[in-house]
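Below is one structure; the comments refer to it alone.
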Amino acid sequence: MLDLGKLLIAAVLIWIIGKKIIKFALKIVKRALERGKVDDGVQSFLMSMFRIVLHGVLIVILAGTVGIETGSIIALLGSAGLAIGLALQGSLSNFAGGVLILILKPFKIGDYIVANGMEGVVTGIDIFYTKLHTTDNRAVVLPNGSLSNSNITNVTKESIRRVDLIASVAYDSDIKLVKRLLFELASGVEYLVEDEAHPVQVYVDAYGESAINFGLRFWTKTENYWLAKWEATEKMKEIFDQNQISIPYNQLDVMIKK
């Protein structure tokens, strides 16, 4: 009874001292994460993981103090961990992918991304899944495991985007006139952004089978991309019609034999 009492007293002291050490260690880790400006979601996950690991170590030490064989406990925990890992392989992949996304930050909430054949505005980044809201009002949930291993296009990462248009005109059109009209068209776009680093460009892109293809490039703010593109596309037809420049299109002649 005396030996058992000594063991229990030692175990209680180890538990009290161990809890204080764990609390102190967690404070240090939290400060380090805050100084590193780690995402709140990652901070919460890492703090929970450290807390579980440290308490597990403390329990193993307590078991050894009261005379329980620690080797068998560690082997049992290892086997259980392996079985759980195999059973939750897909979920663990999503979990690891979520941690990578939160740490590397290839996109953030509010960004418009294209990935895995889907596109939309990011409305949520969880540990296991990323949520998108599409332009046609659909909610899409993407697993972080496949998302972290795929190509991701962040459409709204930069504040300015380039609009690229192709204008096809007939071969008998005046090239210089067409280029001048396209310059005037781009300069008249309401959402145009133009400076030395972002000039308007007009060029002959290719000679097609039935038309000369002109390229038109100009810049606009990312949030105005589609408005600028639609406006320029509409004005292109109007300005060509006003200057008698024809836009070739495919025609089909049907001959009926009686």
Side-chain angles (χ1 to χ4, degrees), residues 1-111 113 115-116 122-133 139-150 152 154:
M1 292 294 294
L2 184 61
D3 292 339
L4 180 60
K6 292 179 180 179
L7 290 176
L8 290 176
I9 293 173
V12 171
L13 290 175
I14 291 173
W15 176 259
I16 294 173
I17 296 173
K19 289 285 289 183
K20 291 184 177 181
I21 293 174
I22 290 174
K23 186 177 181 180
F24 179 72
L26 290 175
K27 284 184 178 180
I28 294 176
V29 172
K30 186 172 181 60
R31 288 177 184 173
L33 294 175
E34 289 176 348
R35 289 175 183 174
K37 296 181 179 180
V38 180
D39 187 90
D40 292 340
V42 179
Q43 284 190 34
S44 177
F45 160 71
L46 291 177
M47 292 297 295
S48 299
M49 184 180 68
F50 284 132
R51 186 177 291 106
I52 292 172
V53 170
L54 292 175
H55 278 89
V57 173
L58 179 59
I59 290 173
V60 170
I61 293 174
L62 286 174
T65 301
V66 297
I68 300 175
E69 184 62 36
T70 57
S72 58
I73 295 177
I74 295 174
L76 179 62
L77 292 175
S79 300
L82 178 62
I84 294 172
L86 292 174
L88 302 176
Q89 187 174 5
S91 298
L92 292 176
S93 174
N94 293 335
F95 178 77
V99 173
L100 288 175
I101 290 173
L102 290 171
I103 293 176
L104 300 178
K105 296 182 179 180
F107 53 83
K108 63 182 184 299
I109 293 177
D111 285 346
I113 66 170
N116 289 345
V122 179
T123 57
I125 305 174
D126 299 329
I127 289 295
F128 293 100
Y129 298 98
T130 294
K131 300 174 183 178
L132 303 182
H133 186 264
V140 178
V141 179
L142 298 177
N144 287 334
S146 60
L147 188 59
S148 62
N149 292 313
S150 63
I152 301 173
N154 192 333

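Not measured: the values here are computed from a predicted model.
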Hey, mind stepping through Ile125 and Ile101 against side chain to side chain contact (heavy atoms under 4.5 Å, CB included) and telling me if it holds? CA-CA 8 Å; Ile125 305 174; Ile101 290 173; 4.0 Å; yes
Decide yes or no on side chain to side chain contact (heavy atoms under 4.5 Å, CB included) for Val140 and Lys131, but give the supporting numbers first. CA-CA 6 Å; Val140 178; Lys131 300 174 183 178; over 6 Å; no
With rounding to the nearest 0.5 Å, note down the distance linking OG1 in Thr130 to CG in Leu147. 5.0 Å
To the nearest 0.5 Å, tell me how far Phe50 CZ sits from Ile28 CD1. 12.0 Å
Testing the basics here: between Ser146 and Asn94, what is the closest heavy-atom pair and its distance to 0.1 Å? N-OD1, 4.5 Å
Side-chain donor-acceptor pairs of residues 9-22 under 3.5 Å, sequence neighbours excluded:
unit_1 : atom_1 : unit_2 : atom_2 : d
Lys19  : NZ     : His55  : NE2    : 3.2

Does a side-chain heavy-atom distance below 4.5 Å link Tyr129 with Leu142? no
Between Asn154 and Asp111, is the side chain to side chain donor-acceptor pair (under 3.5 Å) condition met? List the steps. CA-CA 7 Å; Asn154 192 333; Asp111 285 346; 3.1 Å; yes
Could you pull out the closest heavy-atom pair between Ser148 and Gly145, with the gap in Å? OG-O, 3.1 Å
Rounded to the nearest 0.5 Å, how far apart are CG of Leu132 and CD1 of Ile113? 5.0 Å
Val122 and Phe107: which non-hydrogen atoms are nearest, and at how many Å? CG2-CD1, 3.8 Å
